[in-house]
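As a basis for the values below, the full set of heavy atoms in this structure was taken, side chains included, without hydrogen atoms, waters or symmetry mates.
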Amino acid sequence: MRKIFILCVFFISSFCAEPEFAHIYDFKLNKDERASVEIKELGYENDVQNFDFYWTLFDNTNMIVHTKFRKYPRQFVMSLRRNLNWYSQTLIPDYTNPNIDRARLVFEFKDFSRGIATFRVYIEDRDSRLEVKFLDPKNMNNIQNTN
């Protein structure tokens, strides 16, 4: 019975995989300081889309974050507790295999210290269909460009 249980656990865990992120970048922002991620889909270079964001209020564990992608504004309450510190945005949907072949952005609230919030942006792009630039206001001389 024990061998069957171990075999089942091994079989099930072989299908579980962690997402592989093509790009990861950390932003450190003051209140109302705006940052952006510039996204170009390869083959459609004339169509540049930006994921813009900034934060406005923090109260020990919760933060109000404003984002805008494809001209659609959103407001989130992100928290450092109970797994409420991240948000996922689909960048390029794929309707044949939507959970596997999509390109997405994961936005994570990492930390808050001395009036500066730390956000980490992950880009999942398995098929390398995106060109990504991280437009960091603290580091505008050295724009992080990743292909």
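- Taking both residues in full, the closest heavy atoms of Lys110 and Leu80 are given as O-CD2, 3.7 Å, listed atom of the first, atom of the second, then distance.
- With rounding to the nearest 0.5 Å, the separation of NZ in Lys133 from CD1 in Ile39 is 12.5 Å.
- Shown here for His23 and Val132, the closest heavy-atom pair between the two residues is CD2-CG2, 3.7 Å.
- Shown here for Thr56 and Lys31, the closest heavy-atom pair between the two residues is O-CE, 2.6 Å.
- Nearest heavy atoms, Met63 versus Ala117: CE-CB, 3.7 Å.
- Residues Arg74 and Val65 have side chains not in contact (no heavy-atom distance under 4.5 Å, counting atoms from C-beta outward).
- Without hydrogens or angle criteria, Asp125 side chain to Leu130 main chain gives a donor-acceptor distance under 3.5 Å.
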* Show your working on side chain to side chain contact (heavy atoms under 4.5 Å, CB included) between Ile123 and Leu91 and close with a plain yes or no. => CA-CA 9 Å; Ile123 306 288; Leu91 301 174; 4.2 Å; yes
* To do: Check step by step if side chain to side chain contact (heavy atoms under 4.5 Å, CB included) holds for Arg120 and Asp26.
  => CA-CA 4 Å; Arg120 180 171 282 173; Asp26 287 338; 2.6 Å; yes
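- Residues Phe107 and Gln89 are not in side-chain contact: their nearest non-hydrogen atoms beyond the backbone lie 4.5 Å or more apart.
- Listed by chain and number, the residues in a ring pair (Phe, Tyr, Trp, His ring centres under 6.0 Å) with Phe112 are Trp55, Phe58 (sequence neighbours excluded).
- Counted within 6.0 Å of NZ on Lys40, heavy atoms from surrounding residues, nucleotides or ligands total more than 12; the atom is thus considered enclosed.
- Look at Glu124 and Arg104 and you find a salt bridge, because one of the NZ, NE, NH1 or NH2 atoms lies within 4.0 Å of a carboxylate O, short of that distance.
- A side-chain donor-acceptor contact under 3.5 Å links Asp136 to the backbone of Lys138.
- Side-chain contact between Val121 and Ile24 is absent, with no heavy-atom pair separated by less than 4.5 Å.
- Of all non-hydrogen atoms in Gln49 and Arg70, the two that sit nearest each other are OE1-NE, 3.2 Å.
- Here Ser36 contributes atom OG and Leu135 contributes atom CG; the two are 5.0 Å apart, rounded to the nearest 0.5 Å.
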* To do: Under the side chain to side chain contact (heavy atoms under 4.5 Å, CB included) rule, what do Ile64 and Val77 come out as? Steps first, then yes or no, please.
  => CA-CA 5 Å; Ile64 307 296; Val77 178; 3.5 Å; yes
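- To the nearest 0.5 Å, atom NZ of residue Lys28 and atom OG1 of residue Thr118 are 3.5 Å apart.
- Inter-residue side-chain proximity for Glu41 and Asp47 is flagged as unmet; no heavy-atom pair is nearer than 4.5 Å.
- Between Phe27 and Phe53, the ring planes lie perpendicular to each other; the angle is over 60°, past the 30° to 60° tilted range.
- Atom CG of Asp32 is separated from atom CG of Leu57 by 10.0 Å, given to the nearest 0.5 angstrom.
- The shortest distance between side-chain heavy atoms of Leu42 and Arg129 does not fall below 4.5 Å.
- The CZ atom of Arg81 sits 5.5 Å away from atom CG of Asn62, with the distance rounded to the nearest 0.5 Å.
- The closest side-chain heavy-atom distance from Leu29 to Ile116 is not below 4.5 Å.
- In this structure, Phe51 and Phe69 have tilted ring planes: the angle between them lies in the 30° to 60° band.
- Here Tyr87 pairs with Phe76 under the ring pair (Phe, Tyr, Trp, His ring centres under 6.0 Å) rule; sequence neighbours left out.
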